[in-house]
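Presented below is the structure to which this report refers.
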Amino acid sequence: MVEHYDVAVIGAGPSGAAAALHSVRRGFETVLIDSAEFPRDKTCGDGLTPRGLHQLNQLGVEVNSSYRNKGLKLHGFGTSATAPWPSTYPCVEGTALQRHRLDALLVDASVAAGAHLLTGEPATDPRLEGNRLVEFRVGEKKIRAKEVIVADGVRSTFGQKLGRIWHKGEVFGIAARSYCESPFSEEPWMHSHVELRDEEGVVQPGYGWIFPIGDGSVNLGCGALSTNKRPAKVNTKKLLSQYASQQRAEWQLGDEKFITSAALPMGGAVSNVAGANWMIIGDAAACVNPLNGEGIDYGLETAALATEILGTNKDLTLVWPDLLRQHYGEAFMLARTLARVLTYPQFLPLAGPIGLRGPMHVAARLMGNLITEEDRDFTARLWRTAGTAVSTARAGSPLWDSTF
Ligand SMILES: Cc1cc2nc3c(=O)[nH]c(=O)nc-3n(C[C@H](O)[C@H](O)[C@H](O)COP(=O)(O)OP(=O)(O)OC[C@H]3O[C@@H](n4cnc5c(N)ncnc54)[C@H](O)[C@@H]3O)c2cc1C
C-alpha cells in the first residue's frame, strides 16, 4: 500500500505538529506521523516562555488553561532576584502546560486544519537515492512525499538513519522532571534555583526548577550540563528528590510523582540536518538553548521556518542548515560556549553570586530566550557582538554542518 503526499512530517511533538499545521495552511497535502498515540506524556518542564506563547498565538492555537506567569524568580548563593518578562517583547506573559495537553492541542489543531494523522507506529526504513528520501514505511504502509520534515525528538532515530549525528563533545543537558501537588500552583512566577548541590554538597553545573502549572500541582525538576570530557557525575533522579526535599516545606509539596529523565542535544551541535528533500527541526536538530534547556519555542519557530521553504524545488541540503545558522548560529554558539564554561566545577560557585546580583532584566531575556534578531537595544547588540566573536573563535565546531 503506497500513500502519496506533498509533505510528510515525522514526529508530532510541538515541532512536528506545528510544522504540519503550517504546511496544510500553505496548501500542501500533509501527513503527520507519530509512533505514540495522543495524548501522550513527554519528559519536560512544561514551561512556555513568551517566545513560545507568541508562536502559539501566531498559529492561532489557544492554550486551554488560564494560568499565566509574569517572569522568573532566580534563587541561589544566599540571594534571590526577580526578573519579569520584558515589556518590549510582542508577548508579555508566559505559561506552563503539561505536555500531554500542549502536544494534543497542537495535533488536534493540525488535524482540524486538514492534516492526515498516522499514530501508533514509527516511521522506519527510509529509502534514499543519493540524499533524497524517496520512501519510508509506517507499519504496512509505504509513504512517498515530495518533501519530508523530521521532528522525531532528541534521539532522532529516523534522523540518524538519514545521517544525522549528535556531537556529545559539545555541551548537552541531562534532566529529570516530576509533578508535585502544591497549594502554590497558581503562583505567577517560574522559579529557578541556580545553586544546585548534590549529596556531598558540591555545586552542580545546572539548575533546579519549580514551574507552577495552575492545576493544583507544580512541575519540579533539575538539569545538569555535561560533555563527553567532563560528564556531569550526577544521578538526576536522585538530585531531583534531594531538591524536592529542600523545597518541600516552602512549597508544601506532595510526593514527587511521574519522575522521568532524558538527555538533550543543545545549541545546534548536530550534523547532517538536511538532504535534497528533507529537513530536521526541533530537538532532533539540537534547537535547544544551552543556558536553560528550553526548546519548545525553537521547535515552534523552526517549524515555521522550515515550512516557508517547502515547495520551492530547491535542494535543501545546504539551504536548511544555512537558514538555521542565520537565525540561531551566533546566539547558540555563544550560549554553548558559556554553558561549556559552566561544566568546569570551579566556575559556578564564583560566577553565580555575581550573576544573581547583576541586572535582572538581562537575566530574564537570556533565560527566557527573549533576545531576537529584531532587537536593536544595548543588551541585544552586546549579545550579538559576543556571538560573532565567539563564532569566529570557534569556527569549525559542529553547527548544523553537512558532510553529504
Ligand atoms: C527534563 C526536561 C525539561 C524540559 N523543560 C522544558 C521547558 O520547561 N520548556 C521548554 O521550552 N523546553 C523544555 N525542554 C525541552 C523540550 O521538551 C523540547 O525542546 C521539546 O519537546 C521539543 O519538541 P520536539 O517536537 O522537537 O520533540 P518531542 O516533543 O520529543 O517530539 C518528538 C516526537 O517524535 C515522535 N517520534 C520519535 N521517533 C519517531 C519515529 N521514528 N516515527 C514517528 N514518530 C517518532 C515521538 O513519539 C515524539 O512524539 C525540556 C526537556 C527535558 C528533557
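Throughout, numbering of the chain's residues begins at 1 and tracks the sequence. These values consider heavy atoms only, across backbone and side chains, with no hydrogens, waters or symmetry-generated copies. Order of appearance sets the numbers: ligands from 1, and atoms from 1 within every ligand.
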**Request:** Measure from the side-chain N and O atoms of Y67 to the backbone N and O of E187, and report whether any donor-acceptor pair falls under 3.5 Å.
**Result:** yes

**More than 12 heavy atoms of other groups within 6.0 Å of R155 CZ** = no

**Prompt:** With respect to atom 50 (C) of ligand 1, which of A17, S15, G293 exhibits the smallest heavy-atom separation?
**Reply:** G293

**Prompt:** Out of T302, L102, T43, L48, whose heavy atom sits nearest atom 52 (C) of ligand 1?
**Reply:** T43

**Item:** From CZ (R164) to CH2 (W278), nearest 0.5 Å
**Value:** 10.5 Å

**Message:** I need the E140 CD to E121 CD distance, nearest 0.5 Å.
**Reply:** 7.5 Å

**Complete:** Among non-hydrogen protein atoms, atom 12 (N) of ligand 1 lies closest to G295 N, 3.0 Å

**Message:** Looking only at protein heavy atoms, which one is nearest to atom 5 (N) of ligand 1, and what is the separation?
**Reply:** G45 N, 2.7 Å

**Complete:** For G153, the atoms of ligand 1 under 4.0 Å from one of its heavy atoms are 27 (O), 30 (O), 32 (C)

**Message:** Taking distance alone, with N or O pairs closer than 3.5 Å, would you say I296 contacts ligand 1?
**Reply:** yes

**Prompt:** Quick check: does F158 get an N/O under 3.5 Å from an N/O on ligand 1?
**Reply:** no

**Item:** Proximity flag A123 to ligand 1, non-hydrogen atoms under 4.0 Å
**Value:** yes

